[in-house]
Amino acid sequence: MKKVIQSVIKSGLVIGSLIVMPTWAADTIKLGEINSYKAMPAFLEPYKKGWEMAVEEVNAAGGVLGKSLEVISRDDNANPGDAVRVAEELRSRERVDMLFGGFLSHTGLALTDYARQRKIVYLAAEPLTDKMVWEDGNKYTYRLRPSTYMQVAMLVPEAAKLNKKRWALVYPNYEFGQSAAATFKKLLSEAQPGVEFVEEQASPLGKIDAGSVTQALADSKADGVFNALFGADLGKFVREGNTRGLFKDTQVVSLLTGEPEYLDPLGSETPEGWIVTGYPWSSITTPDHNAFKKAYEDKFGEYPRAGSVVGYAAIKSIAAAIEKAGSTNTDDLVAAFSGLQVGTPLGEITYRTQDNQSTFGTFVGTTALVNGKGALLDAYYVDGADVQPSDEEVAKLRPAQ
C-alpha cells in the first residue's frame, strides 16, 4: 500500500490528506513532434515553419472538433535510440494524442516500431524508407512524403531516355541510400535491358571523402551517374566533381537535388543539366500553391522550401484525420487515416489503404544556373499515385495486420 501511495504522490499533488491528480486541458489536442533539427537544419527549419503556420491556420479557423491543436516538439539528435526515448516521454508524460515527424530513415523506422509496440498513431512526415510502409509497416504508421521507391521511379523514365549503358552510383551508406541504389538498379534494368552498373560508392552519412569518391567514379568510365547524396555531402561531391571535370561528359540523375534546401547552397557551383527531383517554388502557379506561398512569405519574409510544404501538409493531414475520426481515440484515428483525402499546396492526396502511403508527389526537372544561382527548370509534377508498385507486389512486401 505504501508503494502505491508513493506512486500516486509522484504524479499528483498532496493537499492535507487529499491527493489531487493533474488535469490536462480538455480544449486542447496534443500532438508530439520528433525530428533531427540540430543535425539537419537546412530542411527542418523550413519544415517547422510550415507546420507552425498550419497550426495557426487550423486554430484560427476554430480548431478541430472545437479544440485547439498544440504541438510539443522534441529533437532526436538524429539517433534512433533518442527518437524512441523522446517518443515515450511525449506519450507517457505529455499525454500526446499522436506522433508525427521524423527525417532520417533509421530514426523513422525506430518510431515506426515504437508506434506498433505502444499502439499510438504516427504520421511520418519526412522519412523516405520503403520499409516504413512495406516490410516494417503497421496499421499505426502512415507516411506523407513520396518514398524512396516513388522518387526513384519518377527519375527512371528520364534515365532510360538517355540510353546510357554504363552507370555508376553514389549514395549515403544507410537505409535511404542503400534502398535508393537498389531500386534504381532494379527499375532501370527493367526499363533498359542490358544496362551495366560499373561502380558503386557508398559513403558514411555526413562523412564523404569527396575526392576519392569522385576519382573512383571518373576511373569507372561510366557515362551515367545516379546520385542520392544530399546536404553537406552533396556540396562536397559537386565541388570535387566540378574541379575534376566529372560532369562534363557524364549525365547525372539525382534524388532531392532540386529541392531549394540542397540546390540553394550550391550557388554558382550548381552543375547544369542534372535530372533531379525537387520543388520549383517560383514557377508553380496553381491557386492552392499561390495561396500557400503568399501566406508563407507574408508570415516569414522568405519563400517556402520543400520542407515548408511537407510540414504544412502534415498538420493539414492530422487535422483532417481527427475531424474524420470524430475523436482522438487511436482506433478511430487508424480508421480515419485509411483512405483519407486531404488538400495540400500541391493538390489533393490520398492515404492508400494498401500500405498507408500517401499519394503526395513531387517534381522532376533539370538543374541550371540562372543569374549565378541554382534553379530547377522544365519541371513537371509527378503524382505519387502514378509511381506505385502493383497492389499484388505491395501485398507480398507488407506483413499481414
Side-chain angles (χ1 to χ4, degrees), residues 34-47 75-85 101-111 126-132 148 151-152 167-185 197-220 222 225-247 250 252-267 269-271 274 276-278 306-307 374:
I34 302 168
N35 240 309
S36 307
Y37 290 104
K38 296 173 188 173
M40 299 291 172
F43 197 100
L44 291 175
E45 287 177 3
Y47 156 84
D75 198 297
D76 62 21
N77 298 310
N79 181 285
D82 285 353
V84 170
R85 177 181 57 78
F103 181 81
L104 296 169
S105 289
H106 59 327
T107 57
L109 286 172
L111 291 172
E126 303 285 354
L128 302 183
T129 173
D130 298 304
K131 288 183 178 179
M132 179 172 289
T148 303
Q151 295 207 41
V152 172
W167 284 84
L169 303 93
V170 56
Y171 53 92
N173 194 19
Y174 79 116
E175 165 59 29
F176 160 70
Q178 295 161 2
S179 177
T183 301
F184 182 78
K185 289 190 289 185
F197 300 100
V198 297
E199 179 65 32
E200 289 192 34
Q201 287 291 311
S203 299
L205 180 64
K207 299 178 181 179
I208 188 173
D209 181 352
S212 62
V213 166
T214 304
Q215 190 59 54
L217 296 179
D219 291 343
S220 73
V225 172
F226 171 74
N227 169 65
L229 299 171
F230 60 93
D233 287 341
L234 173 66
K236 294 173 184 177
F237 173 62
V238 166
R239 189 168 299 115
E240 284 291 336
N242 285 336
T243 299
R244 298 166 186 258
L246 175 65
F247 311 131
T250 306
V252 178
V253 296
S254 184
L255 286 177
L256 312 178
T257 304
E259 295 177 357
E261 290 87 336
Y262 309 125
L263 189 59
D264 289 354
L266 296 178
E269 294 182 307
T270 300
W274 284 22
V276 299
T277 58

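Just so we're clear, the structure is a prediction, and the values are computed from it rather than from any experiment.
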When rounded to the nearest 0.5 angstrom, what distance separates [atom1] in [X] from [atom2] in [Y]?
X: Gln151; Y: Phe176; atom1: CD; atom2: CZ; result: 7.5 Å
X: Ile208; Y: Asn173; atom1: CD1; atom2: CG; result: 11.5 Å
X: Gln178; Y: Thr183; atom1: CD; atom2: OG1; result: 11.5 Å

Under a 4.5 Å cut-off applied to non-hydrogen side-chain atoms, are [X] and [Y] in contact?
X: Trp274; Y: Asn227; answer: yes
X: Ser36; Y: Leu44; answer: yes
X: Phe43; Y: Tyr262; answer: yes
X: Thr250; Y: Trp167; answer: no
X: Tyr37; Y: Tyr47; answer: yes
X: Val152; Y: Phe226; answer: yes

Quick check: closest heavy atoms across [X] and [Y], and the distance to 0.1 Å?
X: Leu104; Y: Thr107; answer: O-OG1, 2.9 Å
X: Pro271; Y: Phe247; answer: CB-CD1, 4.2 Å
X: Thr257; Y: Leu263; answer: O-CB, 3.4 Å
X: Asn77; Y: Lys38; answer: OD1-NZ, 3.6 Å
X: Pro80; Y: His106; answer: CG-CD2, 3.6 Å
X: Pro127; Y: Ser105; answer: CB-CA, 4.4 Å

Distance-only, no hydrogens or angles: does the [X] side chain make a donor-acceptor pair with backbone N or O of [Y] under 3.5 Å?
X: Thr277; Y: Leu256; value: yes
X: Thr148; Y: Leu128; value: yes
X: Thr270; Y: Gly267; value: yes
X: Ser179; Y: Glu175; value: no

Quiz: residues 231-242 side-chain donor-acceptor pairs under 3.5 angstrom, not counting sequence neighbours:
residue	atom	partner	partner atom	Å
Asp233	OD2	Gly206	N	2.7
Arg239	NE	Glu269	OE1	3.3
Arg239	NE	Glu269	OE2	3.1
Arg239	NH2	Glu269	OE1	3.1
Glu240	OE1	Arg244	NE	2.8
Glu240	OE1	Arg244	NH2	3.4
Asn242	ND2	Val238	O	3.4
Asn242	ND2	Glu269	O	2.9

Set of side chain to side chain contact (heavy atoms under 4.5 Å, CB included) partners for Ser220, sequence neighbours left out: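 Checked Ser220 against side chain to side chain contact (heavy atoms under 4.5 Å, CB included); matches are Ala168, Val198, Glu199, Ala222.
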
